[in-house]
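What follows is a short report on a single structure.
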Amino acid sequence: MPQIELLSDGDNSGGDVDIDEDEIDDETILERILALSDMFPDKTFIIASKTSSAVSSCLGFIRKSIWILSTSFVILWLPVILEAERASVSNEQQSKERQMLLGPSSGLSGISGAGSSGISSGILPVQ
């Protein structure tokens, strides 16, 4: 069996200490953490518990707020935005149709009214 040699910090004159592998207990991480918990006072655990519950409740509040704001946006503002976009596309389509039917100058005169563009193209406005 292999021997483990331990040296003491302050005394180099002492003999070697032999420990068998069978004497060393295999500890799990959980057992080590529980053993280290004796180092900290109970007040530390209470503060950590309160802090984690406060952070958890803040995150829950943020999650609920984001849900409320996003659903409100979808329900209230998305239809308005979509309708404005539809109206814009419809106006562009009508302008293109008018330009195809009446010629390139009709798109300008339709937008600006019967102004200087109508006179410069030779079309007189109807009064």
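- Side chain of S88 to backbone of A84: no donor-acceptor contact under 3.5 angstrom is found.
- D42 CG: 12 or fewer foreign heavy atoms inside a 6.0 Å radius.
- To the nearest 0.5 Å, atoms CZ (F61) and CD1 (I66) are separated by 10.5 Å.
- In this structure, the separation between CG on L36 and CD1 on I29 is 11.5 Å, given to the nearest 0.5 Å.
- Residue V74 forms a side chain to side chain contact (heavy atoms under 4.5 Å, CB included) with just one option from L78, L76, T71, and that option is L78.
- Within 6.0 Å of CD1 in I81 there are more than 12 heavy atoms belonging to other residues, nucleotides or ligands.
- Using modelled atom types, no side-chain atom of S95 and backbone atom of N91 make a donor-acceptor pair closer than 3.5 Å.
- In the hydrophobic clustering of this structure, M39 groups with F45; members are Ile, Leu, Val, Met, Phe, Trp, Tyr whose side-chain heavy atoms approach within less than 4.5 Å, directly or through other members.
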